[in-house]
Amino acid sequence: MLVYGDVEHIENAAAVRASISQIIMACIDMQPSRQRHEALVRAFILTGELVQGLADQEFGRIGADDMSELQDAGAKLLRIQARAIMQSWRNGFAGSLSFPEDWTAKLDSLASADPVRMKRAEGYAFYALYPESYIEAASISNLTPKTVVLGIRSIGTGLAALVSAALGAEPAYSLRPTGHPFERRVRVTPAFSKRILADRNTDFAIVDEGPGLSGSSFGCIADWLQANGVASGRLHFFPSHTGEPGPRASEPHRSRWRDRPRHVVSFDDLALKAQDPKHRLQTWAADVVGVERSSWRDLSGGAWRAVRYRNPSYWPPSYMQMEKRKFLMEAEGGAWHVKFAGLCGSDVDKARRGSLLSEAGFIPKIAGTCYGFIVEEWLDGTPLDNSGASRRDIVDHLGRYLGFRARHLPARNGGASIRKLCEMAVFNIAEAAGSDTAEKLRCVIDRPERLAGRLRRVDTDNRLHPWEWLTTTSGRIMKTDALDHNAAHDLIGCQDIAWDVAGACVEFEFSSKERDRLANLVSREADCDLRGDVLNFFEPCYLGFQIGLWSQARVSVDGAEAERVENTIKRYLDRLRQLIGP
């Protein structure tokens, strides 16, 4: 299924260097605090993305990883920043910072005359992957400073620097596995291979996020090392979780993964169960709202449903692996929803937009941010699908909400082109319902390029399901999760507001009359064009995406959850057949 999408952006290297320099200089001048630490991490993540982009640029020129003065400078700068993060973290965000004088020269070396394609680090953005977890994992690994550290690009570029800094090892190398996602291969020049393998009798640390469905990125690096004379007993893995590779992993890779040490410190151990209160998320969030003591409840992985729904038989489905970490914090005087929103400033950006939506009365009040998390007011109430609200009130509220987004929230990032949406929908429907249905869908969608001049990307919601809405005890309809979904780990991104209108029509099963009313309300509020042919394109594309999304979710669930997911897929397929005919 076509569901996931990489968030890539084209940047000018000089402009990125200027941003990094500005952040680091500000850190040097700041008073010791968690805010200074957050800024250090922001500079580190941005540097890692730049070094990754430049390394991939060099890889593209020769078709292999090679020795490079530019990459050496980048690895050294990342290790300098990693040491500063480690120093700040271990000192409880206190103490002065020390940067060597030549850090600016190393930063200046990260130059390119051509635009650089930088890839957003998924773990930092979506999955609450914190750099300090790799520092802690390396610190308890018993590995020595002689360890050779290899990071797997993209995010492994920076993660390897953290391991290197914690071990006191030489700057890390990075490699770019290529080929089919389930059968990755390594391409390294003889000169670079000789440098990495100068001492085959030392330990080798392989560092990355994951493993995912196949673990082939970890696996191919280990294959390459063993093929070049490194004993299996010298291999150490630094992943982001304790689980095994997914169902696409080869048996040799799976066997080696079970056999070799995996050095992991989870987010829970790092930030929820930390011995030092200064390192706990509970402390950070309590500081935001000004309380001393609070109770916590983990709402991640679909656990929020037990709070919102009394009867599990009414629970909506949950794609647990894609849900962000979230918690309910309760204290005297109130309750708050504490949800991961992303490192590198994503939390602050989303909170700023959330404040605008909150002031307009569409979402709960934003209390603030704390190191990657947004803290917002927790509202008691009933999920909209169980509240008894009238269809007319729902349509009218959706019209005001979507119209407000279209008028006042410009697009923050790109998204899939209309041609890509079409290809995604046809592919997913072919997988789920067969090629004949997919071909009928293609005919219904027709020439997507005809709409190109009529569309305008905005900050779409991308999540209009009824269970995302709440009717409060005072009778107000509120959106409970409105800030993340057009910057999620999927291919949709920001779209024309027609994407959300189509999504609302599908999720609330609006009639043609209700659809027309909603479209008219949004068009009038946002001064946009939502004539029928626009929605006739977006609705089947929306269905194609949702069918693909929940088909992916179905792979990893069973029992009652599997039944919920199956029913959801069936509902989308039924709606699709209504659109395109039997």
Side-chain angles (χ1 to χ4, degrees), residues 7 9 19-20 22-23 26-27 30 33-49 85 88-89 93 120-133 155 158 209 267-268 270-272 278-290 294 296 298-300 304 322-329 336-359 363-378 409 411-413 459 461-463 479-489 493-494:
V7 180
H9 45 108
S19 296
I20 295 168
Q22 184 179 20
I23 298 171
C27 288
M30 288 174 70
S33 62
R34 193 191 72 243
Q35 288 71 27
R36 184 186 68 176
H37 186 83
E38 293 180 24
L40 277 174
V41 171
R42 192 179 311 131
F44 174 78
I45 293 174
L46 190 57
T47 303
E49 291 180 351
I85 291 171
S88 171
W89 180 256
F93 313 126
R120 188 173 188 184
E122 296 162 0
Y124 299 140
F126 310 125
Y127 302 118
L129 179 62
Y130 277 68
E132 298 84 0
S133 65
I155 193 174
E209 185 184 6
F267 171 81
D268 286 35
L270 179 80
L272 297 180
K278 295 186 183 70
H279 290 166
R280 293 180 198 151
L281 173 62
Q282 297 94 320
T283 302
W284 309 337
D287 287 345
V288 170
V289 299
S294 60
W296 275 69
D298 193 341
L299 303 183
S300 311
W304 57 271
M322 289 191 74
E323 279 197 16
K324 293 188 176 179
R325 295 305 302 269
K326 55 178 77 74
F327 305 88
L328 173 60
M329 179 175 71
W336 295 269
H337 182 204
V338 183
K339 180 186 176 185
F340 183 72
L343 301 177
C344 205
S346 295
D347 54 345
V348 176
D349 290 341
K350 291 174 184 177
R352 190 178 298 117
R353 293 191 307 279
S355 295
L356 186 63
L357 287 167
S358 175
E359 290 169 5
I363 71 170
K365 293 179 180 178
I366 305 295
T369 64
C370 56
Y371 198 11
F373 280 78
I374 288 179
V375 183
E376 66 179 9
E377 180 185 14
W378 175 269
L409 297 179
R412 300 174 288 112
N413 50 55
D459 184 350
D461 182 295
N462 290 16
R463 188 82 170 182
K479 188 70 166 60
T480 60
D481 196 356
L483 306 178
D484 277 321
H485 297 294
N486 65 28
H489 188 194
C494 291

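Index from 1, following the sequence.
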Report summary line: Only one of Leu272, Val375, Leu299 passes side chain to side chain contact (heavy atoms under 4.5 Å, CB included) with Phe327, and that residue is Leu272
In Å, rounded to the nearest 0.5 Å, how long is the span from [atom1] of [X] to [atom2] of [Y]?
X      : Y      : atom1 : atom2 : value
Leu409 : Leu483 : CG    : CG    : 9.5 Å
Cys27  : Gln22  : SG    : CD    : 11.0 Å
Asp459 : Leu356 : CG    : CG    : 10.0 Å
Leu129 : Ile45  : CG    : CD1   : 9.0 Å
His37  : Trp89  : NE2   : CH2   : 6.0 Å
His337 : Asp481 : NE2   : CG    : 7.0 Å

Report task. Please lay out, stage by stage, how Asp287 and Cys370 fare under the test side-chain contact (heavy atoms from CB on, under 4.5 Å). Result -> CA-CA 9 Å; Asp287 287 345; Cys370 56; over 6 Å; no
Report summary line: Residues Cys494 and Asn413: closest non-hydrogen pair is SG-OD1, 3.3 Å
Any heavy-atom pair between the side chains of [Y] and [X] that's under 4.5 Å?
X      : Y      : result
Leu343 : Pro131 : yes
Trp336 : Pro364 : no
Asp268 : Arg325 : yes
Glu132 : Val41  : yes
Val288 : Phe373 : no

Expected output: side-chain [X] to main-chain [Y] donor-acceptor under 3.5 Å:
X      : Y      : value
His279 : Leu270 : no
Asn462 : Gly493 : yes
Trp284 : Lys278 : yes
Ser300 : Lys326 : yes

Query raised in the report: Thr283 and Arg34: side-chain donor and acceptor closer than 3.5 Å?
Result: no
Query raised in the report: When you look at Lys479 and Asp461, which way does the side-chain contact (heavy atoms from CB on, under 4.5 Å) test go after all the steps?
Result: CA-CA 10 Å; Lys479 188 70 166 60; Asp461 182 295; 3.1 Å; yes
Query raised in the report: Residues in ring pair (Phe, Tyr, Trp, His ring centres under 6.0 Å) with Phe44, at least two apart?
Result: none
**Report entry** Contacts of type ring pair (Phe, Tyr, Trp, His ring centres under 6.0 Å), residue Tyr127, not counting sequence neighbours
**Finding:** His489
So that I can tick it off, tell me whether [Y] and [X] are bridged by a salt bridge, with the cut-off set at under 4.0 angstrom between side-chain N and carboxylate O.
X      : Y      : answer
Asp484 : Lys324 : yes
Asp349 : Arg412 : no
Arg42  : Asp347 : no

Query - Ring centroid separation Phe340 to Phe267 under 6.0 Å - result: no
Query raised in the report: More than 12 foreign heavy atoms under 6.0 Å from CD of Gln35: is that the case here?
Result: yes
